[in-house]
Peer 1: 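This structure is in structure tokens; I'll ask about it shortly.
The residues of the chain are indexed from 1 along the displayed sequence.
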Amino acid sequence: MPLEDKPKEDPPSQQDGAVGGAADDGSTKMDDDTNINTHELDSSGEGEVFKRQRINSPKRPTHNVSPGASPRKHATFEELLAQAGIVTNMALAHEIVVDGNFKLQQSDFPENSIEKQVKEVMHKAFWDSLKAHLEEDPPRYDTAVSLLGEVKEFMFSILLPHHERLRAQIDEAIDLPLIQQQAEQEILDVMHYANFIIGIMSKLCAPVRDEDITKLKEITDVIQLFKEIFRVLELMKLDMLNFTLQSLRPHLQHQSVEYERGKFAEFLKTQQDGLELTRKWLEESAEDLKTKVQQSTPPSTTATASAPSTARPGLVYGPAAILNHGYVGLLKWKETELFPETMTMDKGRIIDLSVQLERAVLLASVLLVTYTNVGAAIAGIQGFPSRLKHHMIVLLEGVKDYSTVMPNIAEEVCKEVNKCLQERQAPVLTPEIQEALKAQVIAVGDKQHSVHQLLDSRAESFIRMIISQPLTFDPTGKLPMGLTTVERQLIELSKQYARLLSHNRAVFGPYYSEIIGKIIQPA
């Protein structure tokens, strides 16, 4: 389904004071030249030729669902989208716009798979056949002629529209009827054409491929040379596709809001209630926020010297606050619960960010306990927090249950503290202090520990502040106490989440406004 498909049904209109300031990007359709051929990509990003790559993101499951089948009672949102025939283009457009690291990369079959073995056998048979034909006396050139034709078509596929002169040059130089005549007369010089092809490739390739082109010029065996020519041409085609995507991204960002909203409207037409999970998510967010606002607000609104106001700044109850509270809640989402329909496309990214947040809070908690117990002896030591964080990150890599590695982290903390003390020619920790520090470090790894809970709450408040501000907001110096040791990590993940949510608000803002409006002012 082409990217410029016009939505068949308009979603609810954005009312004044819409939630989160959803943008109105107009209804302009995408230009014809911005179409992206996606037949080589599937919705899970595991296409036969190319696959999508998202840095540090878990692979989404691939669902094999018959389009004609009726939705199962507990079908996931991804399966329902697949049944509606919407998922491929919608997911691809979303990935390109939201993920700044989106790129296409070469894909291959898994090692030792039957498919990979069949592919290797077929390729080997082709190259063996070509070699045998060229070594005959007289040589047979029919396979070589076919090979040159394939290379010619491959080179045409990576030319841009303005490469008219190069196209004409290739067409004239690799003249297949003439090559066929040369083959019949047994005067075909395959290496001559190979050198011409390499020369054209050197004009078309990106600078990163210059080394590959240089190596091609050093190969003298014709079979190995054409193997490498095809390999480098594949890389060049990939470079061209990724360059095209980068060039199109600003245009796609402008158009994708209406496009995604329209595709979602098409999905809703196929369901009795396609917003059931979204409505439940926002209702729970509103109820939880109302409770917290009531708990944080003192009985009397008048603060005195003896009874100052305990209300947390910025914690209010309103449409935008409900949505932002729901967004923050997604970072603590239970794995057993289904994601809201409007957030499913970003599920992988949100899970990534939640893991980063959990890790940052743990790092900050351990560092706070360490500084508190050791005191001035390590205060102000440049590089100490970075080294300790690096060691802890290595220990936490790939670990889901952090409690299993907390003893190792405690040992590493004591080791690093003593190392710093020795470097400053200060007395190392006594065995008694080391044991007490280890116990404190292990204890703070528990999410129910008071220090861990405090820093986790402050981190959530910081993220809530970031996603409530414009994307241009500079959070430097706004970090709560106790989190300065993970400032870079926390700001980076918060701004990444803010960019993701900005797009989400723009696409689904009308739906959020309608749902939250009914929550606040029920009929």
Side-chain angles (χ1 to χ4, degrees), residues 5 7-15 17-25 43 60 63 65 69-87 89-91 93-94 98 256-290 318-331 333-334 336-351 467 500-523:
D5 280 354
K8 296 181 181 179
E9 178 180 291
D10 294 332
S13 60
Q14 183 73 37
Q15 301 173 359
V19 174
D24 182 1
D25 286 61
S43 60
R60 296 178 183 172
H63 302 286
V65 183
S70 59
R72 301 195 306 274
K73 182 176 181 181
H74 299 293
T76 66
F77 180 62
E78 294 98 323
E79 291 173 327
L80 295 176
L81 280 176
Q83 291 171 346
I86 292 170
V87 67
N89 281 2
M90 184 176 175
H94 185 79
V98 174
S256 64
V257 170
E258 288 298 324
Y259 173 74
E260 288 188 48
R261 193 185 294 166
K263 290 302 176 187
F264 190 76
E266 289 182 26
F267 161 75
L268 293 181
K269 287 182 179 180
T270 67
Q271 307 301 313
Q272 290 183 348
D273 185 3
L275 290 168
E276 179 184 359
L277 299 175
T278 302
R279 189 177 298 105
K280 178 184 177 184
W281 164 55
L282 292 175
E283 288 172 349
E284 291 177 351
S285 171
E287 187 63 30
D288 185 60
L289 178 61
K290 181 185 291 186
I322 290 172
L323 181 58
N324 288 332
H325 191 68
Y327 282 146
V328 173
L330 290 174
L331 294 172
W333 201 258
K334 296 179 181 178
T336 56
E337 295 185 9
L338 295 175
F339 249 57
E341 297 91 346
T342 55
M343 300 300 302
T344 302
M345 289 290 180
D346 295 308
K347 180 179 178 181
R349 270 176 287 272
I350 294 174
I351 290 175
I467 66 176
L500 184 154
L501 298 182
S502 176
H503 183 76
N504 182 266
R505 286 192 194 96
V507 175
F508 300 107
Y511 298 106
Y512 295 150
S513 292
E514 184 179 53
I515 294 172
I516 294 176
K518 293 179 180 178
I519 293 173
I520 295 178
Q521 297 178 341

Peer 1: Using 0.5 Å steps for rounding, measure from the CE atom of Met345 to the CD1 atom of Ile350.
Peer 2: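 Result: 12.5 Å between the selected atoms.
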Peer 1: How long is the span from the CG atom in Leu289 to the CD atom in Glu284, to the nearest 0.5 Å?
Peer 2: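 Atom-to-atom, Leu289:CG and Glu284:CD are 13.5 Å apart.
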Peer 1: Please report the interatomic distance CD1(Ile519) to CZ(Arg279), rounded to the nearest 0.5 Å.
Peer 2: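 Here the interatomic distance stands at 9.0 Å.
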Peer 1: Between CE of Met343 and CZ of Phe508, what distance do you get to the nearest 0.5 Å?
Peer 2: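 That separation rounds to 8.5 Å.
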Peer 1: CG/Asp346 to CG/Leu501 distance, rounded to the nearest 0.5 angstrom?
Peer 2: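 Those atoms lie 8.0 Å apart.
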Peer 1: Between Asn504 (side chain) and Leu500 (backbone), is there a donor-acceptor pair under 3.5 Å?
Peer 2: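 Side chain of Asn504 to backbone of Leu500, a donor-acceptor pair under 3.5 Å: no, none is there.
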Peer 1: Counting distance only, does the side-chain N/O of Thr270 pair as donor-acceptor with the main-chain N or O of Phe267 below 3.5 Å?
Peer 2: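 Here the side-chain-to-backbone pair exists.
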Peer 1: Gly318 and Ile520: which non-hydrogen atoms are nearest, and at how many Å?
Peer 2: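 Nearest heavy atoms, Gly318 then Ile520: C-CD1, 4.2 Å.
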Peer 1: Just to verify, what does Thr278 make a side-chain contact (heavy atoms from CB on, under 4.5 Å) with, not counting sequence neighbours?
Peer 2: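 Scan of Thr278 (side-chain contact (heavy atoms from CB on, under 4.5 Å), adjacent residues dropped) gives Leu275, Trp281, Leu282, Pro340, Glu341, Thr342, Tyr512, Ile515.
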Peer 1: Decide, yes or no, whether a salt bridge links Lys263 with Glu266 under the criterion of side-chain N to carboxylate O below 4.0 Å.
Peer 2: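 Between Glu266 and Lys263 there is a salt bridge, with a charged N closer than 4.0 Å to a carboxylate O.
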Peer 1: Taking all heavy atoms of Ser256 and all of His503, pick out the closest pair and write down the distance.
Peer 2: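 Heavy atoms only, the tightest pair is OG-CE1, 3.2 Å.
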Peer 1: To the nearest 0.5 Å, what is the distance between CD (Gln521) and CD1 (Ile516)?
Peer 2: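 Separation between the atoms: 12.5 Å.
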Peer 1: Which residues satisfy the side-chain contact (heavy atoms from CB on, under 4.5 Å) test with Glu337, sequence neighbours excluded?
Peer 2: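 Result, side-chain contact (heavy atoms from CB on, under 4.5 Å) vs Glu337: Trp333, Lys334.
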Peer 1: Check Phe264 against Gly274 and note the closest heavy-atom contact, atom names and distance.
Peer 2: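 Nearest pair, atom of Phe264 first, then Gly274: CZ-O, 4.4 Å.
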Peer 1: Between Arg261 and Ala506 (side chain of the first, backbone of the second, donor and acceptor by atom type, cut-off under 3.5 Å), is there such a pair?
Peer 2: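 Side chain of Arg261 to backbone of Ala506, a donor-acceptor pair under 3.5 Å: yes, one is there.
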Peer 1: Is the shortest heavy-atom distance from the side chain of Leu323 to the side chain of Ser285 under 4.5 Å?
Peer 2: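 No, too far: nothing below the 4.5 Å cut-off.
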Peer 1: Shortest non-hydrogen contact from Ile467 to Arg505?
Peer 2: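 Looking at all heavy atoms of both residues, the shortest contact is O-NH2, 2.7 Å.
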Peer 1: Check side-chain contact (heavy atoms from CB on, under 4.5 Å) between Glu287 and all other residues, then give those that pass, not counting sequence neighbours.
Peer 2: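 For Glu287 the side-chain contact (heavy atoms from CB on, under 4.5 Å) partners, ignoring immediate neighbours, are Thr291.
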